[in-house]
Protein chains: 2
Amino acid sequence: MDFDFLHELSTPAHTKIVMLVMDGLGGLPLEPGGRTELETARTPNLDALAASSALGLSVPLGPGITVESGPGHLALFGYDPLEYRIGRGVLEAVGLNLELEPDDLAVRGNYCTVDATGVVTDRRAGRIPTEVSKELSKLLTTKIEDVEIFVETVREHRLAIVLRGSGLSANVSDSDPLKNGYAPLPVRAETPEAEKTARVLNLFIERSRKVIEACTPETSANMLLVRGFDKYPHFPAFPELYGVRAAAIAVYPTYRGIAKLVGMHVLKFDGNTFADEFTALEKNWDDFDFFYLHIKQTDLAGEDGDFPRKVSLIEEVDTLIPRLMALNPEVVIVSGDHSTPAALKGHSWHPVPTLIYSQCVRADGMAEFGERACGRGSLGVLPAKHIMPIALANAGRLMKWSS
Amino acid sequence: MDFDFLHELSTPAHTKIVMLVMDGLGGLPLEPGGRTELETARTPNLDALAASSALGLSVPLGPGITVESGPGHLALFGYDPLEYRIGRGVLEAVGLNLELEPDDLAVRGNYCTVDATGVVTDRRAGRIPTEVSKELSKLLTTKIEDVEIFVETVREHRLAIVLRGSGLSANVSDSDPLKNGYAPLPVRAETPEAEKTARVLNLFIERSRKVIEACTPETSANMLLVRGFDKYPHFPAFPELYGVRAAAIAVYPTYRGIAKLVGMHVLKFDGNTFADEFTALEKNWDDFDFFYLHIKQTDLAGEDGDFPRKVSLIEEVDTLIPRLMALNPEVVIVSGDHSTPAALKGHSWHPVPTLIYSQCVRADGMAEFGERACGRGSLGVLPAKHIMPIALANAGRLMKWSS
């Protein structure tokens, strides 16, 4: 089923769809036979919602494949992540409101520490504080030949760098050795067209090194690494594709960036708590048909291996579900972009518990939102990219197909 | 998801994967509402393993499609059987250690009985004893024009024939009428390039008829039928594809042949009982990362319509599971290449009960290995070719994908 097919069937309706994404939602028990984070969490509101929902386990990309958030989200939005690829540099640049132009080159960077012999001793420069990092990034914005170079701090040591100028190419090699204990590599052109880009990047790195050394005696940052070079991808726009006015509510830049890449309107709102996100949902309720609401912290707790924190974050989200349901959405999806079991301290390949609620869904009648309940659900094990068409159908937004 | 994709993600690890294939494992109840062979069998060890496993029903090729062992196994090994095709003749030749060369033509043959009018009265020549068949096959090995012809008995009346010479083609028709009561057909060239092959095969059949008649007055064999002409397929090698040292433990030639076709190391071992196969597993444990262990008899019992025998064979395999688990494999897969319900006396399209065990699998907690338990499992109804990526992920042998 391709986008043209879905687009042809899409039809207007006065219905609202909310997709609540708890990042890294899927988990694992800490002991064989035990309960996962979601199964452990006391979630009376999600359980009640589950009773009126169809349940299943969604697979972001394919069996056994562990994904990053980018492809995981694209799949939830209905885009095949193998067909629609976004570089991480692009994602972060877009998330930081660095408005990319079609010929710009987006690059990921990070501050690092090198020793007197030039070897990287800490690729994260001791996780330099975000505020210090931001001040430093302002000083690095520059112009080399005809190329403007914008540097923005994503968080701590992490940077998004955008190059704007003529004849730029993504076919250059990383300077980041990816491990401590190695010297940074010179950026090399992988094709003749990329020679200017490599030259400009090497000059930029050298110039930046001097600026960083001069300005931050109080931090351990004294160098900059670059990797991941991408041009802006042009994806079909979610709102046109599905015929919905789509809004994104997310605190973290990357997720705001993904939403922007698929053409969603990224809402500005005050605060950065889960409750603030639900308030933004309420305030903007009348102006959109589709809301993507992103919860980041569940993933971070999973990555930290902090099972109890992930449990309590899920419980916190659960307390907000009544505010969502009070808005009377026609369709609610609760899922994750991938699993991040605390037991594995990282993303994993395990399918993600998923719930689709609507007045006309064929509910499984299981009053429990958890991995095993979802494993017995009538959605079965489904590719994540199938969630959107099912949600649209439940929202009365897909016509009957006629050959 | 193609092989290049999986291959790029594969990463080394010190983990062991065991794939235990009970041929024709899936079954059916003899009466509506009854239990299948696997559900009837007393399998305390498999049931205990199931409790710590993810369960599902695997589909070898597609919904409703019944397969032979070749495609069924390729799917278990992760190869799409529609894309990677092996002729049965090739399979049997390889299984018999007939080392095929790239331009050889492999052919299936069988001894048969024809009456005085030339009509086939028994396509299996009364299932001529294997020893008699082997003696006879030695006499048939010959050379016609520049074409060497090797004849080997597979078992009883069944033969593997290999033609080696210049300008051979697989585009020839079968001589086997496939039913008793018809005369053997002359082999016809289906393209001009195949004329030499047809001519040689017809001469070979005529010459063989005379040899068989002269030598076996004590058996009912007096003729030879040929069908299924194939050249050697060149598949991506399983060990390189997945980055594992892979060994096959199988008694029957066909299965040793399939393993060889995908580049597995086929282990030599003493004896031919199930216990001997598990002993071979133990003895070779340190030298490989992936073990394919094949149990043939379950399929034969199913084909014979012998429900109680299939039950007791499954029970026999169950008693050996503790020896497997004592080796502490990181991942265990128990499945079949297809279903062979005794009730149907043959292969069937029914999905195959499948269990994937590992320390980090999301276990369904159902302490029962059977068709209905698997039907409620969180692996869902899954294409058999998805089993390998899931197993590799559980073995820590697949990296996170980045776009």
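Here is how names work: the chains are called A, B, and so on, in the same order as the sequence lines, proteins then strands, and each is numbered from 1.
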Would you say A/L46 and A/M22 make side-chain contact, with heavy atoms under 4.5 Å?
yes

Among A/G26, A/P32, A/G27, A/G33, who wins on heavy-atom pairs under 4.5 Å with chain B?
A/G27

SB check A/R123 A/D176 (cutoff 4.0 Å)
yes

For B/V381, is it the side chain, the backbone, both, or neither that has a heavy atom closer than 4.5 Å to a heavy atom of chain A?
neither

Turns out that what part of B/L392 lies under 4.5 Å from chain A's heavy atoms comes down to neither

Does the ring center of A/Y252 lie less than 6.0 Å from the ring center of A/H294?
no

B/F238 vs B/Y242 aromatic rings, parallel, tilted or perpendicular, using cut-offs 30° and 60°?
perpendicular

Please check if the distance between the ring centroids of B/F3 and B/Y84 is under 6.0 Å.
yes

Centroid separation B/H73 to B/Y292 less than 6.0 Å
yes

Which one wins on heavy-atom pair count under 4.5 Å against chain A: B/C360, B/G375, B/A54?
B/C360

Is it the backbone or the side chain of A/S339 that comes under 4.5 Å from a heavy atom of chain B, or both, or neither?
side chain

Side chain B/E330, main chain B/I17, donor-acceptor under 3.5 Å:
no

A/P351 versus chain B, heavy atoms under 4.5 Å apart: side chain, backbone, both or neither?
both

With a 4.5 angstrom heavy-atom cut-off, is it the side chain or the backbone of A/H350 that approaches chain B, or both, or neither?
both

With a 4.5 angstrom heavy-atom cut-off, is it the side chain or the backbone of B/R376 that approaches chain A, or both, or neither?
backbone

Using non-hydrogen atoms and a 4.5 Å limit, figure out which bit of B/L379 sits close to chain A: side chain, backbone, both or neither.
backbone

